[in-house]
Amino acid sequence: MDFDADDSKATEDLELARMDLDLSSPPTESKKKKKKKKKKNKDRESSVQATIQVFQEQPEKLPPLVGYFPSGFDPNGHNSDEGEPSSAMAKVFRNKDKPKRLQLVVTPANGSKVDFVGTNYIGEAAAGHQHCNYALGVLDKETQTLKIVPIASNKIFRLEPKVRGLGSPNEESESLAKGESAAQQKADKMNRLNEKFGTNKSRREANKLQVLNREHNPQYERDLDGTIKQIVVNKEDIESSQVHNVRNTPPYNAAATTPQEAYPLDKIIFAGEWDFLEDIYELLQKEAEDKWNAYPTFVSNRIHKLQKIEDEDEKKRLSGIFSYITHLVKFKDQNSMDGASSAKNHKMPRILRQKFESMFNPVSRKLSPEKHNFLISYVLVLSLYADEFRSDLSDIAKDLKISSAALREHYEHLGCKLVQAKKIWYATLPVPLKFPSLRQKRRR
C-alpha cells in the first residue's frame, strides 16, 4: 500500500502525540511515595535550625559524668512491688590528694545491697586505647539551641556491680600498699644476699644507704628533741655561719692559730666519705703507665709525692684528698659546657654525687655563678692541704679552666696570701684569717 507525503506527516504527528501522552502520563504509586519521603525529609531538615553553644570545662564546677551498665541494669526501671518507676541514687567521690580521680557510685532504689561502682583511674578507664574526646549535647527545642558540654575527665565510667560491705572501699590504696610491701620484701632479699655473698665495698655502700634512708623512729625523735632543747645557742657561731654564707666559702674558723684549724678538713670531707675515696690508694699498688691519664693535672703531677710517703695512714689520707679533688673537678666539668666531654665516663660514688647535687644545686646540668665559685673554693682549700699550704697556681688553673688572675682573686677571697718565687705564683694561708672587705655592686 502506497502512502503520500501528507500521510507520512500524519503518522509522525501521531507518534509525537503518543510521546507527549507518555511524558504527561499520571505518576505511579512508587513515584508518589518517593515524593512524599523527600517532602518529609525536607520538612524535618528545615524544622531544626538550632544555634550551637560549646561550653569549656570550668575548674570550680564538676562537669557531667557519663556511665553505662555492662550488666544490663536499668536505673529507671519499674519497682516490682508497686509497679511505679524507681530512680536510682548516684554519688560522686573525689580523692583529697588527687582531685582528678573520681568515683561514681549508683545505688538502686529498691533497697538492694548491690552498688554499681565506676572510676576514671583504674580498670577500663585507665586503658590507653582511647583516641577521641567525649562531650554531652542537650537540644532545647523551645529556644532552638544545642548546648555541648565536656564530660568529667573525658572518660566514660564502667559501672560494675559490687556487694556493699565486701572488700575494701579504696582498692587503689590496697594496690599501692601491696606494691610497697613487695618492693620492701625485694629490697630485704637483696640486702640479705649482699650480706652473704657481696663484696666488702658493696656492703659498705649498702650500710651507708641504709643509714641515709632510715625511717624516723618516734623514740629517736623524742630523744633528739630533748637533746636539741639542751643545746646552748652561741651567737658568735650564728654570726660566723651567716658570714660564711655571704662569702660563699667552705666552713672556716677565723680565730684559728694553725692553717689546719682555719679550714677544718672534717667539715669538708665527712667521716663516712673516706671509705669511698680509696681509688687512688688502690691504684698505687698496681703498676701501670697510663693509669693517671684520666685524673686532673694537679693530681697526676703529685703522684710521685704519694709514692715517697712511707706512713700508710698519711698516704691514704692524702690519696683521699686527691680523690675528692678529682670528683669535684669532674662534677664541675659534667655541669658545664666546656668540660662535659672530658668527664663523660667518670665514675663517681653515689653518696658524693648526692652531696654535690645538694650543695651546688645544678639546674639543667649547669652551675650558677655563685655555686660555681663555691665549688672552686672547695677545690682550692683542698689544694692547700695537698701542697702543705703552699700551693702552685699553674696546675689547678688548667684543671679549673680559669686564668691565673681570676684564680688569684679566688685565693685572696679565701684569706690566702700570694707570693712569687722564680716567676711562679704560690698561695699560702696565714693565720688568723683576714678576709678582704666585701664589695657590693652598684645599681645603675
Side-chain angles (χ1 to χ4, degrees), residues 44-183:
R44 290 176 183 175
E45 291 176 359
S46 61
S47 62
V48 180
Q49 294 180 356
T51 58
I52 300 176
Q53 296 180 0
V54 180
F55 293 88
Q56 301 295 331
E57 187 175 356
Q58 299 179 3
E60 64 274 5
K61 296 181 180 180
L62 183 64
L65 283 77
V66 179
Y68 74 100
F69 299 90
S71 60
F73 170 73
D74 185 7
N76 295 324
H78 292 275
N79 195 338
S80 60
D81 296 334
E82 301 177 359
E84 297 178 356
S86 61
S87 60
M89 182 176 59
K91 295 181 180 179
V92 181
F93 299 93
R94 188 191 296 271
N95 195 324
K96 292 182 179 180
D97 299 329
K98 300 177 180 180
K100 292 184 179 180
R101 296 192 173 186
L102 302 175
Q103 188 179 42
L104 177 62
V105 180
V106 177
T107 304
N110 56 2
S112 175
K113 293 184 178 181
V114 177
D115 293 334
F116 294 88
V117 183
T119 61
N120 65 342
Y121 54 90
I122 57 175
E124 185 181 77
H129 62 270
Q130 180 177 337
H131 302 287
C132 59
N133 294 328
Y134 295 103
L136 183 64
V138 180
L139 177 62
D140 191 351
K141 293 183 179 180
E142 295 180 357
T143 59
Q144 295 292 315
T145 56
L146 176 62
K147 298 180 180 179
I148 299 176
V149 184
I151 65 174
S153 67
N154 196 28
K155 302 287 184 182
I156 295 180
F157 291 77
R158 179 185 175 93
L159 299 169
E160 296 283 354
K162 292 186 179 181
V163 180
R164 195 179 308 138
L166 293 180
S168 175
N170 194 351
E171 296 179 356
E172 180 192 7
S173 61
E174 286 186 354
S175 61
L176 291 175
K178 290 180 181 178
E180 292 177 357
S181 62

Test item: [X] and [Y] side chains (from C-beta on) under 4.5 Å apart, heavy atoms:
X      : Y      : result
Tyr68  : Ile156 : yes
Val149 : Val138 : no
Val114 : Pro161 : yes
Arg164 : Thr107 : yes

- Item | Residue among Val105, Val92, Leu102 satisfying side chain to side chain contact (heavy atoms under 4.5 Å, CB included) with Phe157 | Leu102

- Message: One thing to verify: whether Lys162 and Asp115 come together as a salt bridge, which I'm taking to mean a side-chain N less than 4.0 angstrom from a carboxylate O.
- Response: no

- Query: Sequence neighbours excluded, which residues qualify as side chain to side chain donor-acceptor pair (under 3.5 Å) partners of Glu160?
  - Reply: Arg158

- Residue list, side-chain contact (heavy atoms from CB on, under 4.5 Å) with Lys100, at least two apart or on another chain: none

First locate atom [atom1] of [X], then atom [atom2] of [Y], and finally report the distance between them rounded to the nearest 0.5 Å.
X      : Y      : atom1 : atom2 : answer
Thr51  : Gln144 : OG1   : CD    : 8.5 Å
Gln103 : Asn95  : CD    : CG    : 9.5 Å
Ile151 : Leu65  : CD1   : CG    : 8.0 Å
Asp140 : Gln53  : CG    : CD    : 9.5 Å
Thr145 : Ile52  : OG1   : CD1   : 10.5 Å

Taking all atoms of both residues into account, what is the closest heavy-atom pair of [X] and [Y], and its distance?
X      : Y      : answer
Pro64  : Pro150 : CD-O, 3.7 Å
Ala135 : Ile148 : CB-CG2, 3.7 Å
Leu104 : Ala90  : CD1-CB, 4.3 Å
Ala152 : Pro63  : CA-CG, 3.5 Å

- Is the Phe116 ring parallel, tilted or perpendicular to the Phe69 ring (thresholds 30°, 60°)? perpendicular

- Message: Treating Arg94 as the side-chain partner and Pro99 as the backbone partner, does any N or O pair qualify as donor plus acceptor under 3.5 Å?
- Response: yes

- Task: Can you sort out the partners of Phe55 under ring pair (Phe, Tyr, Trp, His ring centres under 6.0 Å), two or more places apart, ordered by chain and number?
- Result: none

